[in-house]
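Data block below; observations after.
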2 protein chains.
Amino acid sequence: MELRHLRSLVTLVDMGFSVSRAAVQLHVVQPAVSQHLRQLEDEIGARLFVRQGRRLIALTEAGERVLEYSRQVLAQTNSILAIGRDHTQQSRGELRIATTHTQARYVLPPVIRRFAEKYPAVSLQIHQGTPAQLVDAAVHDSVDFAICTEALGEHPLLRAIPCYRWNRCVIAPGGHPVLIKPRVTLKQLCAYPVITYVFGFTGRGHFSDTFVESGLRPDVVLSAADTDVIKTYVREGLGIGIIARLAYDAVLDADLGMRDLHHLFPWETTKIAYARGKYLRTFQQDFIDMFQDTIRQSDTRGGLQPCSEP
Amino acid sequence: MELRHLRSLVTLVDMGFSVSRAAVQLHVVQPAVSQHLRQLEDEIGARLFVRQGRRLIALTEAGERVLEYSRQVLAQTNSILAIGRDHTQQSRGELRIATTHTQARYVLPPVIRRFAEKYPAVSLQIHQGTPAQLVDAAVHDSVDFAICTEALGEHPLLRAIPCYRWNRCVIAPGGHPVLIKPRVTLKQLCAYPVITYVFGFTGRGHFSDTFVESGLRPDVVLSAADTDVIKTYVREGLGIGIIARLAYDAVLDADLGMRDLHHLFPWETTKIAYARGKYLRTFQQDFIDMFQDTIRQSDTRGGLQPCSEP
DNA sequence: AGAATTTACGCGGTCCGTAACCATG
DNA sequence: CATGGTTACGGACCGCGTAAATTCT
């Protein structure tokens, strides 16, 4: 068994069980990949693939197991090479971050600024996606870090580091009746049409749970993945917005009124996660440190609380 | 980078930095290994070895990192092959256990009997060693399981499963004054010369701590790694023995008196550990289950308590 | 001087690419 | 009949083994 066999297996699966596409991806011809897969099955001595005629359709249970280990092996060989790059070109390389819109837009900018200043030779990539996609990308090591609130932390193949806790606020056009009382109640929120995040995003789970427990039902007229979209519709007068407190900008959103809601909802914990066993280059480790440190310095202006290490 | 490079690196280290011995171990000629190491260094692009002239002396820091990942990669490729064997020859293979003398002699026999009955085609190996050696063997995957009380559980590369808790007893030749009172005190134990386990073995750490805390100092005239040796010297009249309660056999040791001491010392937890990420074949998983189950059935006869899963 | 490692070189295996062949929708 | 996968075969590459050169104990 050689690494190329494992590479062929993993690429085959990632390419949706198309041998030809895997071959293209691997820069070899198709019969080569066929041979790898065949040899791998021979050496392991068990069927790995469910076949339909000559076509490969899916993995057997054994195949799933082998795939899992193969991914780990390949990730670790990458880590080995990363060690080298780390020692020779300390501060040269790339940092691939996958996160949600809210993080990318409201939390990361000051961190990124500091990082880019300290490591000008590191090329930065910020990918966006749904929490489920972020998890996937981190597991497959197609990004270095996934930063979000949902779906991390339970995954057995990820190491998740809690970074800060945040809560929600309500926003509404200036003069809106919900803004009168300094301390808003759940009942008051239910009196108006609500615009908030799409399910699966940014703490929407706990958000809904809170209403269910209280026996109240909010009138969610619109859901969006993205705080800026929510704000836009709130400005249009479509309803009141319930967003992450940290996404309210006192200057840019001066036309909107805001009331903190941390007394109504549970705190959410945003984490930074990476593939377990991944070798972190010094600048990657440093990014995590800078992230936590920046949060710590920005104090509670945005209503977020730093998390100490677990 | 190919697996052979990693194998050469790992073997080199295991052979004490002798390229020639590594070559023998790998069934290739020496220049081949030299080439692997050279190529590995080239590809990683960092010095991995500390050299003294042409001789390799030690690993650099980068080398240590690479070694760590290489070990994991190789362990996982082994896991992949194990998956195959598991699916084709369900109950054929080998089970390598490393443990201390006390476990091998007093706890494992009934487990082994059940296991051998159910899996006659699995060849069993029982290795013995100091707790530190057991940990090493498990980490390097040169055994499948390490079973002992000390040193496991904290190691980051091992997964340790608590199996049962035990405590100590005192043994002495029949009629010895320490046997008169049903409830022995620490002070009484200090009145006689004591024979017990060597430091680093079988709960000796907590044993000593207990005396230190009480301000008493036992008169340990002899330490042995092995309960049978202790018993022998107790029979010789050299002193009283403090051993694991489970190592006292009511029939074979009828000439020795015994008093339980669980009111004096903290309970010790014996664990079964294996390399994290290792693929457990079905019969290996079954061994753990049978181990725990056998303990559960043997009830408290030997003064040991089963542990539920953490 | 001898043990151990590196360098030099040639052979053999094997890995991949080309091309022809087969199955499936 | 086109798309996608397997079988067959040849050439190029390279990994290993032999043997000579080198260096440190």
Side-chain angles (χ1 to χ4, degrees), chain A residues 1-60 62-63 66-67 70 73-74 77 80-81, chain B residues 1-60 62-63 66-67 70 73-74 77 80-81:
Chain A
M1 180 173 57
E2 293 300 326
L3 290 177
R4 72 189 99 88
H5 298 120
L6 307 184
R7 286 201 189 95
S8 289
L9 170 66
V10 168
T11 310
L12 176 81
V13 175
D14 286 347
M15 293 288 119
F17 291 92
S18 161
V19 180
S20 353
R21 289 174 61 201
V24 173
Q25 181 82 8
L26 292 167
H27 307 293
V28 292
V29 294
Q30 191 237 36
V33 176
S34 280
Q35 200 185 27
H36 295 165
L37 299 174
R38 157 69 65 112
Q39 289 171 337
L40 189 62
E41 252 187 338
D42 284 355
E43 181 159 5
I44 292 178
R47 308 231 89 172
L48 298 179
F49 306 104
V50 180
R51 291 184 169 77
Q52 212 171 66
R54 308 191 135 183
R55 220 158 282 204
L56 305 178
I57 293 296
L59 291 178
T60 63
V66 173
L67 175 68
S70 301
V73 167
L74 297 180
T77 58
I80 290 176
L81 296 178
Chain B
M1 180 173 57
E2 293 300 327
L3 290 176
R4 73 189 98 89
H5 298 119
L6 306 184
R7 286 202 190 94
S8 290
L9 170 65
V10 168
T11 310
L12 176 81
V13 175
D14 287 346
M15 293 290 119
F17 292 92
S18 160
V19 179
S20 353
R21 289 174 60 200
V24 173
Q25 179 82 6
L26 291 167
H27 307 291
V28 292
V29 294
Q30 191 236 37
V33 176
S34 279
Q35 200 183 26
H36 295 163
L37 299 174
R38 157 68 68 111
Q39 287 172 338
L40 189 63
E41 252 187 337
D42 283 355
E43 182 158 6
I44 292 177
R47 308 230 91 172
L48 299 180
F49 306 103
V50 179
R51 291 183 169 78
Q52 211 169 69
R54 306 190 135 185
R55 220 156 282 205
L56 305 178
I57 294 296
L59 292 177
T60 62
V66 173
L67 175 69
S70 300
V73 166
L74 297 178
T77 58
I80 289 175
L81 296 177

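So that the names make sense, note that chain A is the first sequence line, chain B the second, and so on, each numbered from 1.
In plain terms, the two heavy atoms of A/Ser70 and A/Leu6 that are nearest each other are OG-CD2, 3.4 Å. Of all heavy-atom pairs between B/Leu56 and B/Phe17, the closest is O-CB, 3.4 Å. Residues A/Arg47 and A/Arg51 come closest through the heavy atom pair NH2-NH1, 3.3 Å.
Enclosure of atom CD in A/Glu2 by more than 12 non-hydrogen atoms of other residues, nucleotides or ligands within 6.0 angstrom is indicated. Counting heavy-atom neighbours within 6.0 Å of A/Arg38 CZ, excluding the residue itself, gives a total of 12 or less.
Residue-level contact check: A/Val29 touches the bases, meaning some heavy atom is under 4.0 Å from a base atom. Looking at heavy-atom distances under 4.0 Å, B/Gln39 makes contact with sugar-phosphate atoms alone, never a base. Counting any heavy atom pair closer than 4.0 Å across all strands shown, B/His36 reaches sugar-phosphate atoms only and no base atom. Among the protein residues, A/Val19 comes within range of the sugar-phosphate backbone only, with heavy atoms under 4.0 Å from sugar or phosphate atoms but none that close to a base.
At a threshold of 4.5 Å between non-hydrogen side-chain atoms, the residues B/Val13 and B/Phe49 do not count as touching. Using a 4.5 Å cut-off on side-chain heavy atoms (C-beta onward), B/Leu9 and B/Leu59 make contact. Side chains of B/Thr77 and B/Leu81 form no contact here, defined as non-hydrogen atoms less than 4.5 Å apart.
Mapping A/Gln52 and A/His5 onto DNA chain C by nearest heavy atom places A/His5 at the nucleotide closer to the 5' end. Mapping A/Pro31 and B/Arg51 onto DNA chain C via the closest heavy atom, the residue that lands nearer the 5' end is B/Arg51.
If you walk DNA chain D from 5' to 3' and mark each nucleotide with an atom closer than 4.0 Å to a heavy atom of chain B, the marks span D/dG15 to D/dC24.
Counting to the nearest Å, the P atom of C/dT5 and the CG atom of B/Leu37 are 10 Å from each other. Look at CD on B/Glu41: it is 14 Å from C1' on C/dT5, rounded to the nearest Å. At whole-Å resolution of the value, CZ in A/Arg55 and P in C/dC22 are 17 Å apart. Between the CZ atom of B/Arg54 and the C1' atom of C/dG2 there is a distance of 15 Å, rounded to whole Å. Atom CD of B/Gln30 and atom C1' of C/dT6 are 8 Å apart (whole Å). Rounded to whole angstrom, the span from the CG atom of B/Asp42 across to the C1' atom of C/dT6 amounts to 14 Å. Between the P atom of C/dG13 and the CZ atom of B/Arg4 lies a distance of 17 Å, rounded to the nearest Å.
Judged purely by atom type and a 3.5 angstrom limit, B/Ser8 has no side-chain atom pairing as donor or acceptor with the backbone of B/His36.
DNA chain C lies under 4.0 Å from at least one heavy atom of each of the following residues of residues 20-27 of chain B: B/Ser20.
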